[in-house]
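Notes follow the structure.
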Amino acid sequence: MKVISTSNAPAAIGPYSQGFVVGNLLITSGQIPVNPENGEIPGDITSQAEQSCKNVKAILEAGGSDITKVVKTTCFLADMADFATFNGVYEKYFTSKPARSCVAVKTLPKNVLCEIEAIAEI
């Protein structure tokens, strides 16, 4: 196993890694929409989905993969009413249409509106 760490995505805020390479797979931790440059969180679902996608992309690239090689994502929304707007951003990044689960949860870390985790081929 190889730990993935990059300053181009937010540092872990708990006892976990940004990602791991295991065999020919890269598995990311869930990425909330924290801007790694300044720690800020955008206010609306469109901007938050965009930042979460950028954070996942940065970890994938740091681990020797890229967003086109994602085979599975799990997406968490604070409000399922944001589903269509979230999808509008998500589909710009995950153009290969990986398998996906998307669920609404009661609360996400730092009270953000979305979180994305991914599994990709190396």
Side-chain angles (χ1 to χ4, degrees):
M1 294 191 313
K2 176 183 169 189
V3 175
I4 303 304
S5 181
T6 178
S7 60
N8 294 325
I13 57 174
Y16 60 89
S17 301
Q18 289 174 321
F20 263 93
V21 172
V22 180
N24 69 336
L25 293 177
L26 192 159
I27 303 162
T28 73
S29 289
Q31 292 302 299
I32 61 173
V34 174
N35 182 323
E37 293 178 11
N38 57 24
E40 293 180 4
I41 298 171
D44 63 278
I45 185 60
T46 301
S47 299
Q48 287 198 16
E50 186 89 28
Q51 187 63 58
S52 290
C53 288
K54 287 178 183 177
N55 293 344
V56 169
K57 185 175 184 282
I59 294 169
L60 294 170
E61 290 172 354
S65 188
D66 67 63
I67 208 153
T68 65
K69 295 181 179 179
V70 172
V71 296
K72 171 73 167 85
T73 62
T74 305
C75 304
F76 305 92
L77 300 175
D79 186 345
M80 199 52 82
D82 290 334
F83 186 76
T85 303
F86 176 83
N87 278 340
V89 175
Y90 176 95
E91 69 184 352
K92 293 189 308 186
Y93 285 86
F94 296 95
T95 58
S96 62
K97 298 183 180 180
R100 181 179 95 169
S101 300
C102 186
V103 298
V105 296
K106 183 176 179 179
T107 308
L108 288 163
K110 298 191 177 215
N111 292 314
V112 299
L113 303 175
C114 63
E115 181 173 0
I116 303 170
E117 60 185 34
I119 300 172
E121 183 180 45
I122 300 292

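Residue numbers count from 1 along this sequence.
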Which pairs pass salt bridge (Lys or Arg N to Asp or Glu O under 4.0 Å) with one or both residues in residues 36-63, sequence neighbours excluded? E50-K92, K57-E61
To the nearest 0.5 Å, tell me how far N35 CG sits from S47 OG. 11.0 Å
Just so I know, are the side chains of Y90 and T73 near enough to count as touching, which here means a heavy-atom distance under 4.5 Å? yes
Can you give me the closest heavy-atom contact between C114 and P33, atom names plus distance? O-CD, 3.3 Å
Could you see if I59 belongs to whatever hydrophobic cluster contains L25? Use Ile, Leu, Val, Met, Phe, Trp, Tyr and a side-chain cutoff under 4.5 Å. no
Under 3.5 Å, is there a donor-acceptor pair between the side chain of T28 and the main chain of G19? no
Say whether Y16 and I27 are linked into one hydrophobic cluster, either directly or through other cluster members, by side-chain heavy-atom distances under 4.5 angstrom. no
For L60 and I67, which heavy atoms make the closest approach, and how far apart are they? CD1-CA, 3.8 Å
Taking the side chain as every heavy atom from C-beta outward, state whether L26 and F20 have any pair of such atoms under 4.5 Å apart. no
Which atom pairs, donor and acceptor, lie under 3.5 Å between side-chain atoms of residues 97-105 and protein residues at least two apart or in another chain?
| from | atom 1 | to | atom 2 | distance (Å) |
| --- | --- | --- | --- | --- |
| R100 | NH1 | N87 | OD1 | 2.8 |
| R100 | NH2 | N87 | OD1 | 2.8 |
| S101 | OG | K72 | NZ | 3.1 |

Under 4.5 Å between side-chain heavy atoms, counting indirect links through other Ile/Leu/Val/Met/Phe/Trp/Tyr residues: same cluster for V89 and L77 or not? yes
Main-chain N/O of I116 paired to Q31 side chain as donor or acceptor, under 3.5 Å: no
Sidechain-backbone polar pair: Q18 side chain, T6 backbone, donor-acceptor under 3.5 Å: yes
Should V34 and I41 count as side-chain neighbours, where that means a heavy-atom distance under 4.5 Å? yes
Test: salt bridge (Lys or Arg N to Asp or Glu O under 4.0 Å). Region: residues 102-120. Which pairs qualify, not counting sequence neighbours? none
Report yes or no: do V70 and I119 belong to one cluster of Ile/Leu/Val/Met/Phe/Trp/Tyr joined by side chain heavy-atom distances under 4.5 Å? no
Honestly curious: do F76 and F83 fall in one hydrophobic cluster under the side-chain, below-4.5 Å linking rule? no
Is there a side-chain contact between I4 and K2 in this structure, where contact means two heavy atoms from C-beta onward sitting under 4.5 Å apart? yes
Taking N55 for its side chain and P10 for its backbone only, find out whether a donor-acceptor pair lies under 3.5 Å. no
Do I13 and P109 have side chains that get closer than 4.5 Å, going by heavy atoms? yes
C53 and F94: CA distance, side-chain angles, deciding distance, side-chain contact (heavy atoms from CB on, under 4.5 Å) verdict: CA-CA 9 Å; C53 288; F94 296 95; 3.9 Å; yes
Indicate the atoms forming the closest heavy-atom contact of P36 with Q51, along with that distance. CD-NE2, 3.6 Å
